[in-house]
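What follows is one structure encoded as structure tokens, with my remarks underneath.
Proteins get letters first, then strands, A, B, ... in listed order; numbering begins at 1 in each. Just so it is clear, the model here is predicted, and its values are computed rather than measured. Just the heavy atoms: all of them, side chains too, but no hydrogens, waters or symmetry mates, feed the values below.
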Number of protein chains: 4
Amino acid sequence: MARGRKVNSNGERSKQLLREKAIELFSTKGYYQTKISDIVKAANVTQPTFYLYFESKDSLFLDLNEQFQTNLYQNIENVAIQHNSQMPQVLHSIFEYFQENPLLTKIGLYQSEQSHTVKEKLVEILEQIIRKQEQLSDHLDPHIIAECLVGSIERVTLTLLFAKHKTVEELVDQLVSIYYNQTNKVAFLV
Amino acid sequence: MARGRKVNSNGERSKQLLREKAIELFSTKGYYQTKISDIVKAANVTQPTFYLYFESKDSLFLDLNEQFQTNLYQNIENVAIQHNSQMPQVLHSIFEYFQENPLLTKIGLYQSEQSHTVKEKLVEILEQIIRKQEQLSDHLDPHIIAECLVGSIERVTLTLLFAKHKTVEELVDQLVSIYYNQTNKVAFLV
Amino acid sequence: MARGRKVNSNGERSKQLLREKAIELFSTKGYYQTKISDIVKAANVTQPTFYLYFESKDSLFLDLNEQFQTNLYQNIENVAIQHNSQMPQVLHSIFEYFQENPLLTKIGLYQSEQSHTVKEKLVEILEQIIRKQEQLSDHLDPHIIAECLVGSIERVTLTLLFAKHKTVEELVDQLVSIYYNQTNKVAFLV
Amino acid sequence: MARGRKVNSNGERSKQLLREKAIELFSTKGYYQTKISDIVKAANVTQPTFYLYFESKDSLFLDLNEQFQTNLYQNIENVAIQHNSQMPQVLHSIFEYFQENPLLTKIGLYQSEQSHTVKEKLVEILEQIIRKQEQLSDHLDPHIIAECLVGSIERVTLTLLFAKHKTVEELVDQLVSIYYNQTNKVAFLV
DNA sequence: AATGAATGAGCTTTCATTCAT
DNA sequence: GATGAATGAAAGCTCATTCAT
């Protein structure tokens with residue numbers, strides 16, 4: 001193949017394509033088993049083209065994580081403002097975001113080292129919501145509940161939501177049933 | 001220059017040492033960021049010695065995972081038999097096993113690709129226990145509960161148990177409180 | 001996205017600018033550490049523009065060297081004709097040329113492989129002038145003297161002239177004192 | 001070719017060989033045009049072997065420079081102590097060192113960025129010797145003389161000593177004649 | 001039982017250069 | 001006259017693994 005510009009080539013498209021392929025590969029095979037050569041092969045360009053648009057493999061990965069986190073927080077915040085930080089709605093927004101960005105979620109929630117940060121942040125957010133509830137059995141520690149809840153979210157997202165065995169609504173419903181009392185549960189299912 | 005067997009050397013000891021150092025390193029830095037050279041440096045032997053005892057980096061890692069899983073299942077089974085598969089006791093045995101093998105757990109539960117298998121297996125085990133309970137609100141799906149429970153276990157093990165913020169007993173207590181009703185909870189804490 | 005000719009653009013100007021920036025960069029960082037991308041960045045044009053005016057990185061570098069050499073020889077020759085090849089005047093012309101073209105001199109005298117040629121040529125020129133002098137101690141070899149002289153010129157240009165610690169006149173004076181003028185010399189050397 | 005240790009292989013020899021080939025290549029082709037692949041090809045080993053003995057291309061080059069400088073200074077100092085810092089003897093020791101290490105000298109005196117340091121140091125040393133001479137014509141600046149002298153040394157080493165057109169003794173003799181008076185010259189050549 | 005020495009295969013990254021517009 | 005987009009070719013370096021002793 002000759003050197004230089006391809007017919008009908010377009011930088012923004014190439015960058016986008018590379019990004020998409022990178023997301024696909026990172027999310028499936030993980031960071032270390034995804035080689036730049038895999039990414040560019042999938043995007044049908046050569047290796048230098050990758051470096052035309054991204055600083056390095058590492059920085060691209062970090063970018064993706066940042067994107068994942070930023071959007072997630074934004075989403076949650078929007079919902080929190082609209083719905084007065086009601087747990088069911090917040091959970092719904094989280095699952096929905098994951099469902100709409102499964103690949104990015106796989107990267108940001110299960111593969112990166114940054115995933116710790118996200119989960120900690122989620123714990124923090126959910127703990128606050130829990131604390132706002134009245135009628136907390138004083139036997140229960142809100143922090144532990146929040147940790148458990150985040151663990152549950154993490155797991156069911158992977159095994160039930162991504163596997164399409166359950167819908168967002170079903171998951172929220174079940175989680176609320178487990179973590180909240182019956183009355184709440186009913187209230188939520190409007 | 002000097003080659004051959006070290007004074008005071010002992011095959012079994014070298015193997016054991018290598019295994020220990022590998023566990024330490026894999027659990028801290030992960031598979032890909034742990035080099036054979038790191039392991040042998042830590043064990044104070046040379047690279048060929050590693051291959052004297054292990055087939056490859058990969059096979060050692062798999063070995064460790066298998067060890068983790070086998071022992072875990074054994075532990076659970078023992079308790080199950082003794083206590084008629086009571087949830088609190090089973091949870092207790094799981095946490096206890098994790099607490100006693102934190103490094104192996106980090107590998108087998110958080111780092112390897114085999115971790116999926118363990119978690120699935122745990123879900124299966126716990127789901128069966130849950131199904132044995134009478135009085136399950138028919139609104140709740142035992143499978144989902146089991147998935148949630150495994151997620152919670154996974155998370156609190158990392159953030160509360162390993163970090164020594166909570167004891168095994170506290171964690172079991174809280175988990176039972178969340179996933180079971182209050183009466184059970186009390187019953188368990190004999 | 002926007003391609004094509006810039007407003008206010010002008011071929012000769014771009015070429016000149018590229019040449020200047022190349023000289024600056026080559027003289028400061030050297031050939032291998034100067035990237036085409038550095039040059040075009042400094043000149044605020046794109047890489048293909050570079051190739052519009054120069055065949056290659058290498059050919060530009062050779063060009064610059066040729067320019068350096070041609071002008072230098074011209075300068076010397078002019079003075080030689082005017083002043084009957086008197087050493088002080090010739091030295092003066094050399095230093096003056098260097099002073100007026102410090103960047104080009106750095107390239108042509110210290111960085112390129114062609115620098116050998118220039119120095120050989122200088123040796124040749126100066127040797128001829130030396131041979132014309134009467135009263136040469138027959139102990140001294142004119143060729144060696146010329147080589148020494150060129151070495152001295154090379155060094156003081158860099159460390160004294162370019163560093164602005166000495167003027168052209170001072171340098172000529174000192175060099176002549178060392179390499180010529182018996183009285184001074186004798187006084188100096190017991 | 002099979003992997004693993006070669007028959008009759010010997011680490012120290014390989015390292016030495018690599019070092020020698022590196023010196024040859026660096027001195028002939030320069031740092032940037034000498035590739036690791038060139039060096040290992042010349043030493044008949046593979047690239048990883050290079051990294052078995054040297055940290056990087058850069059660090060090897062720096063090493064060589066340091067070796068050059070350290071030995072040079074040592075040599076000069078020895079002579080200075082023995083001969084009360086007499087110029088002819090010091091010059092002799094310098095040239096002799098260069099003659100015995102032509103390749104290293106090419107690297108350390110002409111190719112590296114560290115060469116500036118060496119030359120400055122040489123200027124300093126020689127300037128001190130010059131200043132010790134009484135009866136310095138107050139017209140002449142010892143610093144400039146030292147700079148000139150170093151320039152001369154640098155040049156004749158390359159064009160006369162390495163090219164084997166002149167011996168160390170001849171060069172010292174001529175330099176002393178130029179920079180010192182006739183009588184000294186004779187005295188030195190015992 | 002263990003080591004010194006070496007390598008195959010591959011990785012990320014860089015750079016001068018060129019096509020299509 | 002000039003640019004956006006792309007590439008061929010290679011460079012330095014790393015790592016799991018293996019042979020000879």
Side-chain angles (χ1 to χ4, degrees), chain A residues 1-15 32 35-38 40 45-58, chain B residues 1-15 32 35-40 45-53 55-58, chain C residues 1-15 32 35-40 45-53 55-58, chain D residues 1-15 32 35-38 40 45-58:
Chain A
M1 203 182 291
R3 243 194 273 194
R5 183 174 188 163
K6 275 190 200 159
V7 196
N8 253 333
S9 69
N10 171 312
E12 224 23 74
R13 194 189 306 148
S14 292
K15 181 170 184 179
Y32 290 103
K35 318 295 177 192
I36 305 277
S37 62
D38 297 333
V40 299
V45 296
T46 59
Q47 301 231 43
T49 300
F50 178 91
Y51 290 92
L52 207 57
Y53 299 111
F54 307 102
E55 239 184 52
S56 68
K57 182 186 172 183
D58 203 62
Chain B
M1 293 276 157
R3 245 161 286 159
R5 185 175 173 168
K6 267 195 214 161
V7 221
N8 267 335
S9 72
N10 171 309
E12 241 358 273
R13 232 184 124 267
S14 290
K15 181 170 184 178
Y32 290 103
K35 321 289 174 206
I36 301 280
S37 61
D38 296 334
I39 298 173
V40 298
V45 298
T46 59
Q47 305 224 35
T49 299
F50 178 92
Y51 289 91
L52 212 57
Y53 299 111
E55 229 182 65
S56 67
K57 182 187 177 184
D58 203 60
Chain C
M1 294 278 153
R3 245 163 285 160
R5 185 173 175 169
K6 268 194 213 158
V7 220
N8 266 337
S9 72
N10 170 309
E12 243 353 277
R13 229 182 130 269
S14 291
K15 181 172 185 177
Y32 290 101
K35 322 288 176 207
I36 302 281
S37 60
D38 297 334
I39 299 173
V40 299
V45 296
T46 59
Q47 303 224 37
T49 301
F50 178 92
Y51 289 92
L52 212 56
Y53 299 112
E55 230 182 63
S56 68
K57 182 186 177 184
D58 202 61
Chain D
M1 203 182 292
R3 244 194 272 194
R5 184 174 185 163
K6 276 189 200 161
V7 197
N8 254 332
S9 69
N10 172 311
E12 225 22 76
R13 195 189 304 147
S14 292
K15 180 171 184 177
Y32 291 102
K35 318 294 178 194
I36 306 277
S37 61
D38 297 334
V40 299
V45 296
T46 58
Q47 298 230 42
T49 301
F50 178 92
Y51 290 92
L52 209 55
Y53 299 112
F54 306 102
E55 236 183 55
S56 68
K57 183 186 174 184
D58 203 61

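- Between F:dA6 and A:Tyr53, a contact under 4.0 Å exists linking OP1 or OP2 to a side-chain N or O.
- Side-chain nitrogen and oxygen atoms of A:Lys6 include none within less than 4.0 Å of the OP1 or OP2 phosphate oxygen of F:dA5.
- At least one side-chain nitrogen or oxygen of C:Lys57 sits closer than 4.0 Å to the OP1 or OP2 atom of E:dA16.
- Atom CZ of C:Phe50 and atom P of E:dA16 are 9 Å apart (whole Å).
- Nucleotide E:dA5 is matched to F:dT18 when pairs are restricted to Watson-Crick or G-U wobble geometry with both distances under 3.5 angstrom.
- Here the closest heavy-atom approach between residue D:Thr46 and residue D:Val40 is recorded as O-CG1, 3.8 Å.
- Both C:Glu55 and A:Asp38 sit near DNA chain E, but only A:Asp38 has its closest nucleotide nearer the 5' end.
- Phosphate proximity of E:dA16 to C:Ser56: absent, as no side-chain N or O sits under 4.0 Å from OP1 or OP2.
- Between B:Pro48 and C:Tyr32, the residue anchored nearer the 5' end of DNA chain E, judged by the nucleotide with its closest heavy atom, is B:Pro48.
- OP1 and OP2 of E:dG4 both lie 4.0 Å or more from every side-chain N or O belonging to B:Thr46.
- Regarding contacts with the backbone of E:dA6, a side-chain N or O of D:Ser14 is found under 4.0 angstrom from either OP1 or OP2.
- A:Glu12 places its CD atom 11 Å from the P atom of F:dA6, with the value rounded to the nearest Å.
- The distance from atom CG of A:Asn8 to atom C1' of F:dA6 is 14 Å, rounded to the nearest whole Å.
- The A:Val7 side chain lies nearest to E:dT21 when the options are F:dC15, E:dT21, E:dT17.
- Taking each heavy atom of B:Tyr53 and B:Ser14 in turn, the nearest pair found is CE1-CB, 3.9 Å.
- Following rounding to the nearest Å, B:Gln47 (CD) and F:dT14 (P) show an atom-to-atom distance of 14 Å.
- Of the two residues near DNA chain F, A:Arg5 and B:Ile36, the one whose nearest nucleotide lies more 5' is A:Arg5.
- Evaluation of the side chain to side chain contact (heavy atoms under 4.5 Å, CB included) rule for D:Tyr51 yields D:Ile36 as partners, not counting sequence neighbours.
- At E:dT13, one or more side-chain N or O atoms of A:Tyr51 fall inside 4.0 Å of OP1 or OP2 (strictly under the cut-off).
- If D:Lys35 and B:Ser37 are placed on DNA chain F by their nearest nucleotide, the residue sitting closer to the 5' end is D:Lys35.
- Between A:Val45 and A:Lys6 there is a side-chain heavy-atom pair separated by less than 4.5 Å.
- Under the Watson-Crick or G-U wobble criterion, with both distances below 3.5 Å, E:dT14 is paired with F:dA9.
- Which of E:dC15, F:dA5, F:dT14 sits closest to the side chain of A:Leu52 comes down to F:dA5.
- Although no hydrogens or angles enter the test, the distance criterion places no donor-acceptor pair under 3.5 Å between the side chain of D:Lys57 and the main chain of D:Phe54.
- For the pair B:Ile39 CD1 and F:dT17 C1', the computed distance is 13 Å after rounding to whole Å.
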